[in-house]
Amino acid sequence: MAHLFLVKDIAFQAGLSTATVDRVLNGRPGVRRQTEMRVKAAIAELEKQQAGAMGSGRMLAIDIVMETPQRFSDAVRAAFEAEMATFLPGVFRCRFHFAEVMKPAELVQLLDRIRLRGTHGIVLKAPDVAEVAAAVARADAAEIPVVTLVTDLPNSARIAYAGADNRAAGETAAYLIGEFLGSGGKVLVTLSSGRFRGEEEREIGFRRVIRARYPDIGITEISEGHGTDAATGTLAAAALAADPTINAVYSIGGGNRAVLAAFDAAKRPVRVFVAHDLDADNRALLAARRIGFVLHHDLRTDARSAFRAIMSRATALPRAVTPSLSSVEIVTPYNMPAAD
């Protein structure tokens with residue numbers, strides 16, 4: 001398998017040991033097809049990164065670590081790759097580490113591996129738990145800046161947060177649903193996990209406005225589906241079976257196709273459905289009028305903010321160069337922006 005990269009770089013990109021990568025590269029027996037494909041994909045990713053780093057200027061290699069469903073990680077990857085080209089001659093090389101579900105110990109192990117291997121910065125979407133905050137502190141002590149993405153770790157040593165005002169987003173969802181439902185109904189609020197600060201802030205904002213302005217509207221919450229269709233659909237079906245009054249959805253954590261399938265299976269209408277993020281699934285659902293509103297913030301703006309924060313640390317620019325919150329846009333089937 002021809003390549004121009006160090007075995008350790010391929011191994012790190014693929015998330016495999018150097019011994020396993022060496023076996024694949026040299027065609028030794030006992031290697032699973034899936035492992036071989038991971039190595040090929042890692043080499044292709046490194047080649048793509050190298051091709052994007054051919055401009056002049058300093059290259060900053062950063063690691064983007066996220067626990068998130070693939071539909072959202074695909075959107076994040078596209079945003080960061082699009083923004084990389086705008087920073088010439090200062091070139092960013094991004095190494096992506098995505099998983100739909102990671103235990104805190106696995107996430108901490110990955111962050112520590114990145115720190116020991118070396119990086120110019122880390123962009124992190126992770127649960128707000130003590131173990132992760134401790135790993136961020138170790139990175140900061142090693143002079144590796146960490147920027148949180150979409151969901152914050154405010155009590156950690158991260159240098160900046162890049163994302164939207166999640167509490168305001170939740171309040172906006174409450175306003176849309178409250179005005180649409182009027183004086184009654186019950187909202188199914190779906191979270192991927194209660195461990196994420198951003199989702200918690202969305203829920204807090206939503207509950208505050210519903211309680212203050214629309215007290216006749218009830219709320220039922222489901223959580224720990226991790227944004228995956230199978231688990232989220234099971235939770236939604238159970239909630240619908242237990243409560244015949246649910247007639248609206250505020251999807252904080254994703255899995256929207258599965259939630260709609262649960263309503264269809266129960267032969268129940270959804271009067272209004274508010275979701276987050278213009279990923280491929282939500283674009284299709286919005287175009288088909290299966291969901292009514294998407295609260296969207298520009299991931300390229302978030303990527304740009306993260307790049308600038310890391311660059312300010314790497315190049316000793318004034319610390320005044322800090323990200324600002326990206327604005328939340330209400331998207332309907334009639335004002336949906338074109339896909340990048």
Side-chain angles (χ1 to χ4, degrees), residues 12-13 15 61-77 79-80 94-167 169 190-204 223-228 231-232 252-255 276-277 279 297 299 302-303 305-307 309-310 313 323 325-326:
F12 189 77
Q13 184 69 43
I62 66 172
D63 291 86
I64 302 168
V65 179
M66 299 178 62
E67 179 188 344
T68 195
Q70 183 176 344
R71 58 182 166 269
F72 187 64
S73 64
D74 287 347
V76 169
R77 179 191 286 267
F80 273 79
C94 294
R95 297 180 290 235
F96 298 98
H97 312 272
F98 297 149
E100 291 201 320
V101 181
M102 270 193 282
K103 296 178 181 178
E106 295 170 337
L107 185 54
V108 167
Q109 184 181 47
L110 175 58
L111 291 172
D112 285 339
R113 283 178 54 213
I114 291 169
R115 171 176 55 84
L116 294 171
R117 181 187 188 275
T119 183
H120 290 105
I122 298 172
V123 178
L124 178 63
K125 179 185 180 291
D128 185 12
V129 295
E131 308 97 291
V132 173
V136 172
R138 290 192 291 274
D140 185 70
E143 299 185 349
I144 296 171
V146 177
V147 177
T148 51
L149 180 72
V150 180
T151 183
D152 199 9
L153 304 173
N155 299 315
S156 72
R158 60 95 169 119
I159 65 167
Y161 163 69
D165 183 333
N166 285 305
R167 194 163 302 207
T190 72
L191 289 83
S192 70
S193 174
R195 300 176 299 148
F196 289 99
R197 170 76 62 147
E199 293 193 10
E200 180 184 53
E201 290 177 342
R202 290 174 182 177
E203 184 194 17
I204 289 171
S223 184
E224 307 313 313
H226 302 287
T228 61
T232 304
I252 295 175
H276 279 272
D277 305 313
D279 55 36
H297 69 280
L299 288 172
D302 298 339
S305 293
F307 284 150
I310 291 171
R313 174 71 70 90
L325 296 176
S326 51

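Atom CD of Q70 sits in a sparse spot, with 12 or fewer heavy atoms from other residues, nucleotides or ligands closer than 6.0 Å.
Rounding to the nearest 0.5 angstrom, the gap separating the CZ atom in R95 from the CD1 atom in I114 is 7.5 Å. Atom CZ of F196 and atom CD of E203 lie 14.5 Å apart (nearest 0.5 Å). Interatomic distance, CD1 of I204 versus CD of E199, reported as 12.0 Å (0.5 Å rounding). In this structure, I62 CD1 and I144 CD1 are separated by 12.5 Å, a value rounded to the nearest 0.5 Å. Distance CG/D165 to CZ/R202: 10.5 Å, rounded to 0.5 Å. In this structure, CD1 in I122 is found 12.0 Å from OG1 in T148, a value given to the nearest 0.5 Å.
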Contacts table for residues 124-135: side-chain donor-acceptor under 3.5 angstrom, sequence neighbours left out:
residue	atom	partner	partner atom	Å
K125	NZ	E67	O	2.9
D128	OD2	R197	NE	2.9
D128	OD2	R197	NH2	2.7

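Residue L107 comes nearest to M102 through the heavy atom pair CD1-CE, 3.6 Å, listed as atom of the first residue, atom of the second, then distance. Considering all non-hydrogen atoms of both residues, A162 and D302 come closest at CB-O, 3.5 Å. Across all non-hydrogen atoms, the minimal contact from V147 to A309 is CG2-CB, 3.9 Å. Summarising the geometry of A160 relative to R158, their closest heavy-atom pair is O-CD, 3.2 Å, with the distance given to 0.1 Å. Contact between P145 and I159 at its shortest, heavy atoms only, is CB-CD1, 3.6 Å. Of all heavy-atom pairs spanning E224 and G194, the tightest one is OE2-N, 2.8 Å.
Residues that satisfy the side chain to side chain contact (heavy atoms under 4.5 Å, CB included) test with D277, not counting sequence neighbours, are F72, H297.
Looking only at distances, a side-chain donor or acceptor of N166 sits under 3.5 Å from a matching main-chain atom of V150. In terms of modelled atom types and a separation under 3.5 Å, the side chain of S326 and the main chain of G163 share a donor-acceptor contact.
For the side chain to side chain contact (heavy atoms under 4.5 Å, CB included) test with V146, the passing option among L153, V136, V123 is V136; the others fail.
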| request: Under the salt bridge (Lys or Arg N to Asp or Glu O under 4.0 Å) rule, what do D74 and R71 come out as? Steps first, then yes or no, please. | output: CA-CA 5 Å; D74 287 347; R71 58 182 166 269; over 6 Å; no
